[in-house]
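Written below as structure tokens is the structure these notes are about.
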2 protein chains.
Amino acid sequence: MIDDRMRATGNPGATVWVYDERRRVRDDVASRLVALSFVGRVEVVGDPASLMSRLDTRAPDVLIVGTQRAVDTGLTAATQALRAHPGLPVLVLGAPDDAESVRAAVAFGARGYLRWDASPIEMGLGLSRVGLRPEGARIPQQHSSPQLAGASSWSGATPLAGSAPTTVRSTVREAAPAAALSMREMQVLTGMSQGKSNAQIGRELYLSEDTIKTHARRLFRKLGAKDRAEAVAIGFRRGVMS
Amino acid sequence: MIDDRMRATGNPGATVWVYDERRRVRDDVASRLVALSFVGRVEVVGDPASLMSRLDTRAPDVLIVGTQRAVDTGLTAATQALRAHPGLPVLVLGAPDDAESVRAAVAFGARGYLRWDASPIEMGLGLSRVGLRPEGARIPQQHSSPQLAGASSWSGATPLAGSAPTTVRSTVREAAPAAALSMREMQVLTGMSQGKSNAQIGRELYLSEDTIKTHARRLFRKLGAKDRAEAVAIGFRRGVMS
DNA sequence: GCGGCCCTCACCCCCGCGGGTGAGGGCCAC
DNA sequence: GTGGCCCTCACCCGCGGGGGTGAGGGCCGC
């Protein structure tokens, strides 16, 4: 279960609150948010009372409020929160095609509308639209979302003039100047992404396990990866893996 | 260096030949091709003579021919190959904006044109257009390319009527019916993708290392992953990681 | 010709990963 | 209430991962 201790993460980053009366929804959304590098703490709130009492002592960088069609408790809670804290960035989370909630959300001061089925990357885009983004961020190219190509999962309110963007220290390590991987290194990296052991990769390529280890060490250095898991992640982020 | 032994991979899959006089180019392209699941063997050829002699004994599923602007040796080799083996699927590889080579390639019977800077995913798309694709493939959704959204790196020739698609047995393991990860599991998976050890993840979340291991085991089961490297890869392919 | 990179293999070492099992508590749906 | 899932922690065990180093051969660019 999600208790107070769960909210703590050692990472720096923005604090995001997820409000929804339905536990499944808020936990699911929260679990996708934690995959974002510039999100440090994710906290979940399930009832209006604790939302308001929490807001008395501290405020999140963003408050995400879940809505249900024909149920106005979510929007009511958001309205209350906004009344008490006018500058609070609020995102409304709802069904992909709930145009009514979109309109209602924007009308009463939410900064945008997010589909509940958004991937982490789309959520990141939504958060960036409310001024929250990694330090020194440029629009990612290699490392953007597949879904961004399709139907937008984002409906933005008017651009927020005058609100200074909250720049968050990124935990992303400085990327080396993109050394190209050799063919062998790509083969080894591909094998790693398929859960193969060094010995197994070696057998499939008719090579010694020690040779695979050598290629692995070199590709770790080139990519700046600590281990195979990070190497695979970097491969995907650079777009050289699929 | 790339010798005969390098061509062997234990994987089933299509055989792709890469022809280019420039070693850097052919090795670079080959290294990106090996990341594709349905590509089994990648062989590189550097001169016209060995290309033709190889074709006497066996043929690839696809031949990729690199071209240089104002240098026609590549196209000449491709023409020779096509003359000797009329049905051979040939893709021409060239500069992103080399319209002239595109026209020339299509004119003499190539099945398409591929930009030399294509990512593995784009190359896969190109290969799929010549009828080569993983068994049972549907157009990927979660697991498609960022680049596909941008300028197309593919210029196709006319649709190939009558040529039966070469279906390749996929090495992709059956995916479990997409069990959702809990928030803790996402946090652990995210930490893994950043090269963190279990102990380190535990410290950052104020949890015991044993607890992290437990979450890790469960997320491996849910994702059907053998180890953290494969788990990270599956996370990216499902679109839950960024 | 020399340096640089790639490919190959070997040996040593240590620690962390991954698996199994058990167990207690909490929340929630049925 | 009962079962199911989540979160937490502990102990045991074995093997594989990752780092270091050295070394030989080949191809290539300068």
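Computed from a predicted model, the values in this text were never measured in an experiment. Lettering follows sequence order; numbering is per chain, from 1.
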Whole Å only: how far is the [atom1] atom of [X] from the [atom2] atom of [N]?
{"X": "B:R221", "N": "D:dC6", "atom1": "CZ", "atom2": "P", "result": "13 Å"}
{"X": "B:E209", "N": "C:dC15", "atom1": "CD", "atom2": "P", "result": "13 Å"}
{"X": "B:L181", "N": "D:dC5", "atom1": "CG", "atom2": "P", "result": "15 Å"}
{"X": "B:L189", "N": "C:dG18", "atom1": "CG", "atom2": "P", "result": "12 Å"}
{"X": "A:M183", "N": "D:dC27", "atom1": "CE", "atom2": "C1'", "result": "16 Å"}
{"X": "A:E185", "N": "C:dC7", "atom1": "CD", "atom2": "P", "result": "6 Å"}
{"X": "B:D27", "N": "C:dC5", "atom1": "CG", "atom2": "C1'", "result": "12 Å"}
{"X": "A:L219", "N": "D:dG18", "atom1": "CG", "atom2": "P", "result": "9 Å"}

Counting any heavy atom closer than 4.0 Å, what does [X] reach on the DNA or RNA strands: base, sugar-phosphate only, or nothing?
{"X": "B:R228", "result": "sugar-phosphate"}
{"X": "A:D210", "result": "base"}
{"X": "A:S208", "result": "sugar-phosphate"}

Phosphate OP1/OP2 of [N]: any [X] side-chain N/O under 4.0 Å:
{"X": "B:T214", "N": "D:dC7", "value": "no"}
{"X": "B:N198", "N": "C:dC17", "value": "yes"}
{"X": "A:R184", "N": "C:dT8", "value": "yes"}
{"X": "B:T211", "N": "D:dC9", "value": "yes"}
{"X": "B:R24", "N": "C:dC6", "value": "no"}
{"X": "A:H215", "N": "C:dC6", "value": "no"}

Return yes if a side-chain donor-acceptor contact under 3.5 Å exists between B:Y206 and B:E204, otherwise no.
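No, because no side-chain N or O of B:Y206 sits under 3.5 Å from a partner of the opposite role on B:E204.
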Any side-chain donor paired with an acceptor under 3.5 Å for A:Q187 and A:R184?
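Looking only at side-chain atoms, A:R184 and A:Q187 do form a donor-acceptor pair, the distance falling under 3.5 Å.
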Answer yes when B:R24 and B:D28 have at least one side-chain N-carboxylate O distance shorter than 4.0 Å, and no when they do not.
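Looking at B:D28 together with B:R24, the answer is no, because their closest N to O distance does not fall below 4.0 Å.
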Sidechain-backbone polar pair: B:D61 side chain, B:V16 backbone, donor-acceptor under 3.5 Å
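Checked: no pair found.
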Given DNA chain D, 5'-ward residue of the pair A:K213 and B:R26, judged by closest heavy atom:
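Residue closer to the 5' terminus by nearest nucleotide: A:K213.
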Nearest nucleotide by nearest heavy atom, which residue falls closer to the 5' end of DNA chain C, B:A199 or B:R218?
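Its nearest nucleotide being more 5', the pick is B:A199.
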Is there a donor and acceptor pair closer than 3.5 Å between the side chain of B:R217 and the base of C:dG18?
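No such pair is found, so the answer is no.
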How long is the gap from CG on A:L127 to CD on A:E122, to the nearest 0.5 Å?
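Between atom CG of A:L127 and atom CD of A:E122 there are 12.0 Å.
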